[in-house]
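Quick note: numbers below take in every heavy atom, side chains included, and nothing from hydrogens, waters or symmetry partners. As the structure lists them, so they are numbered: ligands from 1, and atoms in each ligand from 1.
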Amino acid sequence: MAVSASWTWTCKSVRIVCLVLLIITIQVHCETVQDELLFAPGGQLNMKMGQAKPQRFLLYDVNPGEGFNLRRDVYMRIANLVKRLLEKDNWVLVLPPWGRLYHWKSRNMQQIRIPWSTFFDVESLNRHVPVIEFEDYIKITGEAAIDEHVYLQSYKEGWTDGKWEERMHERECNDQPTYQKNGEGKYRGWYWGYSEAYARNFRCLSIQGVAGTLVPYLTKNITARSVMIDRAETALHDTFGRSLYWEARRSLRFAKHLRDIGDEFRKTYLDSTDAKDKTPVLEDWREMKPTPGSAVGGPYIAVHLRRQDYARSNRKEVASLPKAATHIKKKLKELKLKKVFIATDAPVSEIDQLKVHLKGFEVYNYIPPRTVHDKFMDGGVAIIDQWICAHARYFIGTGQSTFSFRIYEERQLLGFDTKMTYNRFCGDGEPKDCEPPSVWPVVY
Ligand code: GFB
């Protein structure tokens, strides 16, 4: 690295500043070199500087039927699996592109091959475990190929003597796999919409246990460079509710561009800003540790009213629109508020009905401009809704909905009191004092 003479001379009078600048420059340079070595494309085994272990890649996918917010939960299980694997080898988590979700119904756009950066802050994820997008994986390894595709499944015979115990065995596949070997010996099937992608090998693994059960399997039984864990939801959380669980959750931040849109809506319609609401967001999640109850929230109630398949299947947790409206009005009066923000997957006709029931109050819902919807799609709009809900003074969710669960967590991470957060509508099939959602306090 060349440091010019004139630059050094100019710095004479400000030696300390120069020294600091020099150290920073060298550090940045070294980090860049390290990154280049770690992620150099070409397919050869790359070594991390000062580390003799080869680079390995963990990919994963989830049951196609699962929704956006359960998938976020599965991410946490896998991220913490990688955390444990890093104690043994030099692993990187490859983020499975988003798409083809049952609930993402907008048909005027192609919702596949979506990188995580569209929805989440990838730099924040990286502060917990090393992650890369699938597109980067292709660039680094030279092709969209996976060495080992491991399909998790349950035990055909069920639990041993009706008893649950942790266990794991390679077995014949319970069902005919949708991934099939072609004439070239490549396993083809759905790899997030990348038709060129394939696996070199495919096996089924019966498992009953937490994600960490896979550590010996991935370090001893399989030594391939890249491994994909499919149906990853089969493996449970290692540390549910404990500090490592929360670290993974805290790192799973919404993308800044989506938060900004939500913030603009709060400011324009709901008289809500971070300064007034006492909900500051620090750049690095590791430095955020708000005191529970420190957040005040904007002067509005937010609700998440899950409809669509929930309402159609007559789940007992679903409140009818008049019943939900009665609950909202009662709370608005109690908290002396006028505004309610409604996040919902309901059709416009149902939202209009709800507005009629809430006459006399100010009812808001987020309708994305065409440009926002085209760019960030149904997933992005869902996140904007969640972000606005996360900043309300009081929140009411829908029982059993993972969409609501993620809002409960988000509010805790912003410093809201659990009483202002862990609330839900009682369904028509439930008593008036139905059981509230379970509280999982953040552990730092
Ligand atoms: O997120 P999610 O897994 O939550 O699935 P549940 C619901 C999806 O519906 C979201 C849309 O990801 C959104 O695309 N959606 C729901 C919403 N509520 C809202 C909302 O308030 N605003 C916006 N913009 N979109 C589970 C599913 O859903 O329900 C399972 O994961 C299954 O696959 C089960 O269908 C019955 O946990 O509520």
Tyr198 vs Glu143, side-chain hydrogen bond (donor to acceptor under 3.5 Å, both in side chains): CA-CA, chis, key distance, verdict:
CA-CA 9 Å; Tyr198 70 94; Glu143 64 177 329; 3.1 Å; yes
Rounded to the nearest 0.5 Å, how far apart are CD1 of Ile261 and CZ of Phe376?
5.0 Å
Just how far is it from atom CZ of Arg188 to atom OG1 of Thr178, taken to the nearest 0.5 Å?
14.0 Å
On the six-membered ring of [Y], is [X] placed so that its NZ or CZ lies under 6.0 angstrom from the centre and within 45° of the ring axis?
| X | Y | result |
| --- | --- | --- |
| Arg411 | Phe416 | yes |
| Arg167 | Tyr155 | yes |
| Arg100 | Trp190 | yes |
| Lys105 | Tyr102 | yes |

To check your reading of the model: name the closest protein heavy atom to [atom], its residue, and the distance in Å.
| atom | answer |
| --- | --- |
| atom 23 (C) of ligand 1 | Asp385 OD2, 3.4 Å |
| atom 21 (O) of ligand 1 | Thr344 N, 2.8 Å |
| atom 10 (C) of ligand 1 | Phe403 CD1, 3.9 Å |

Mind checking whether [X] contacts ligand 1 via backbone (N, CA, C, O), side chain (CB onward), both or neither, at a 4.0 Å heavy-atom cut-off?
| X | result |
| --- | --- |
| Tyr310 | side chain |
| Leu101 | neither |
| Trp104 | side chain |
| His304 | side chain |

Heavy-atom nearest option to [atom], drawn from [options]:
| atom | options | result |
| --- | --- | --- |
| atom 25 (N) of ligand 1 | Ala382, Ser106, Gly65 | Ala382 |
| atom 7 (C) of ligand 1 | Gln400, Arg312, Arg306 | Arg306 |
| atom 9 (O) of ligand 1 | His103, Glu66, Arg406 | His103 |
| atom 32 (C) of ligand 1 | Ile384, Ile407, Asp309 | Asp309 |

Quick note, ring-ring contact (aromatic ring centres under 6.0 Å, His included) partners involving residues 320-341, not counting sequence neighbours, are Phe265-Phe341, His327-Phe425
Under 3.5 Å, is there a donor-acceptor pair linking the side chains of Asp309 and His103?
yes
Take every heavy atom of [X], measure it against each atom of ligand 1, and state whether any distance is under 4.0 Å.
| X | result |
| --- | --- |
| Arg315 | yes |
| Phe405 | no |
| Asp378 | no |

